[in-house]
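Structure first, commentary second.
Chain naming here is simple, since letters A, B, ... match the order of the sequence lines and numbering starts at 1 in each. Just so you know, these numbers come straight off a predicted model, no measurement behind them. As a basis for the values below, the full set of heavy atoms in this structure was taken, side chains included, without hydrogen atoms, waters or symmetry mates.
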Number of protein chains: 2
Amino acid sequence: MTDTTIDRADADSLAPAVTRAALILDVMAESGAEPVGPSELARRLGLPKSSIANICGALADAGLVRRIGTGFALGRRIAELGGAYLASIDQVQEFYDLARRLPAGSEETVQLAILDGVEVTYLARHDGRQPVRLSSGIGRRLPAFSTATGKAALASLPTDELDRRLEGVTRLPQATPHAHASVDDLRRDLARIRDRGYAIDDEETMEGVVCYGVMIPSRQPGEGPCAASITLLKVRATDARVSVLLDDLEQLRAGLSDPLRRS
Amino acid sequence: MTDTTIDRADADSLAPAVTRAALILDVMAESGAEPVGPSELARRLGLPKSSIANICGALADAGLVRRIGTGFALGRRIAELGGAYLASIDQVQEFYDLARRLPAGSEETVQLAILDGVEVTYLARHDGRQPVRLSSGIGRRLPAFSTATGKAALASLPTDELDRRLEGVTRLPQATPHAHASVDDLRRDLARIRDRGYAIDDEETMEGVVCYGVMIPSRQPGEGPCAASITLLKVRATDARVSVLLDDLEQLRAGLSDPLRRS
DNA sequence: GCCGTCCGTTCAGTATGCTGGACGGGAAGG
DNA sequence: CCTTCCCGTCCAGCATACTGAACGGACGGC
């Protein structure tokens, strides 16, 4: 869990230094604020210490990492580039506008995520009034199997594409006992989702928290489908409340699917 | 403005490919969602086309950029890394908690930024009830001269450090006619801020919008000072309202300065 | 206080990634 | 339809970025 074990696919890249730099950034992302030195990076990646030091120096000059004493951690410019990526996706901007205007949903936690393989990356979040202390922030990756966004997106895939993605998957990570234990369970859930039109995460991600998600077709070429979700405490999820929240989700889907294009 | 003009400091880096990769990412950040091809990158950076293509290939394999047809744009993993950077700064997490609990401020737009040279980068934002359609999102960079956060942070610098940063600066970018026109104006404002204890951006960033900012010492080693601000429409900025908002800012400052450390 | 260990940095030789030119495909214009 | 231009990709020779070992310093333990 803690080790990125070995170098997966340092495979003959046409620009090895860049590939390695990306691996270094990944390690630093895992390490959080804790600075990582060249030696440790070299050990974890199985690469020469000198090369690592050179690459880290270049990354530091670029502002992508910062020196802390003699070690390194992610730098400010990473956040700036991340912001630029999010700003480039017009659905993100529209999401914020729309989420704020939802009659009921604006009170709750509303999220936008994009499917990538069998995981989802959260792109935007609207924090409502209700305090749901969920730790996942923007840029966070979670397994698609147990999240409303992930399941809504998976359910939208053509069956052959879905099969391809589930191919290598045997064991599903279970954050809570409510999460699906097997791929078969997941497939049955996906079928129900296709039928029903929306996905439910009933305490699968976190105890006491439920989540409703709908799929949103991505406008970005070369990107997977998106999904939006509304999260709330299970004790507050009365039938009446859920009903209006689902209406809001539908409204959100309509607004974000709308292929309006600025020239 | 649109061109990154030439290659500034391709200067003998110890890992040129990495330095170039960073420049490529910068160009893509400027280009937004518009894909950029190797030829255009080569032209804008003054670098060989083949090398660019190789580096872009490596970046794409790493997920840092994505292929759009035959061109490239920023990729999802950039956002993930940016999220990891933000998550690594504990002041960001605490900011969200505290901003939500501010008696008056929670209704308004509250932001957290960090000073970098003579610019600020926004690290976090709390959106209140009041719709202030300000475009600056997380990761956005703005000149420190005309923002409440930037001025609050600048005012906290030792004079020699301030002088060093203002050295090369001659002309200040003016987003609105209310922004400072000269460095001398700025210096006078900074003196008032030191006196007063907080900074005011009175329609300097956007017409009809005022902003109050306080400096927050950074806990991150090797990082500049931070600042928090509350933004609201000028028509709503009555003396009474501003007074309670300033109290909230003070509370925010106290909470974020507090050097509580988890082991 | 001494020594063993580990770290980050330096340096020269060499394998190797970078370069510039050539190739094939696509779109726009005549 | 043919031409022209421009783009992205491929390839071999050369310059150069990478490597591995050695160096000096900092800690921690025997």
Just the rounded figure in Å: distance from [atom2] of [N] to [atom1] of [X].
| X | N | atom1 | atom2 | value |
| --- | --- | --- | --- | --- |
| A:Leu47 | D:dA17 | CG | C1' | 15 Å |
| A:Ile52 | C:dG8 | CD1 | P | 11 Å |
| A:Asn54 | C:dT10 | CG | P | 10 Å |
| B:Ile24 | C:dC18 | CD1 | C1' | 13 Å |
| A:Ile55 | D:dC18 | CD1 | P | 6 Å |
| A:Arg44 | C:dC7 | CZ | P | 13 Å |

Which of the following nucleotides, [options], is nearest to the side chain of [X]?
| X | options | answer |
| --- | --- | --- |
| A:Thr70 | C:dC18, C:dG8, D:dC18 | C:dG8 |
| A:Arg20 | D:dC18, C:dC18, C:dT9 | D:dC18 |
| A:Pro38 | C:dG17, C:dT9, D:dA17 | C:dT9 |

Short N-O contact, B:Arg76 and A:Glu119, less than 4.0 angstrom =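 Salt bridge between B:Arg76 and A:Glu119, a charged N being under 4.0 Å from a carboxylate O: no.
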
So, A:Glu161 and A:Arg164, do they make that salt bridge, N to O below 4.0 Å?
->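 Yes, A:Glu161 and A:Arg164 are salt-bridged.
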
Stems involving DNA chain C, each a run of at least 3 consecutive Watson-Crick or G-U pairs under 3.5 Å = C:2-28 with D:3-29

Results of side chain to side chain contact (heavy atoms under 4.5 Å, CB included) for [X] - residues two or more places apart only:
| X | answer |
| --- | --- |
| A:Pro35 | A:Ile68 |
| A:Ala22 | B:Ala62, B:Leu64 |
| B:Ala254 | none |
| A:Ala42 | A:Lys49, A:Ile52 |

Residue pairs passing the salt bridge (Lys or Arg N to Asp or Glu O under 4.0 Å) test where at least one lies in residues 56-65 of chain B, sequence neighbours excluded | none

Using a cut-off of strictly less than 4.0 Å, decide whether [X] has a side-chain nitrogen or oxygen near OP1 or OP2 of [N].
| X | N | value |
| --- | --- | --- |
| A:Arg43 | C:dC7 | yes |
| B:Arg67 | D:dG8 | no |
| A:Ser39 | C:dG8 | yes |

What string of B, S and - do you get for nucleotides 20-28 of chain D, 5' to 3', when a contact is any protein heavy atom under 4.0 Å?
-> BB-------

For B:Ser146, what residues pass the side chain to side chain donor-acceptor pair (under 3.5 Å) criterion, not counting sequence neighbours?
-> none

Side chain to side chain donor-acceptor pair (under 3.5 Å) partners for A:Glu34, two or more places apart | none

Of A:Ala15 and A:Gly71, whose closest DNA chain C nucleotide lies nearer the 5' terminus?
-> A:Gly71

5'-most contact on DNA chain C (nearest-nucleotide basis), A:Glu40 vs A:Ala17, goes to A:Glu40

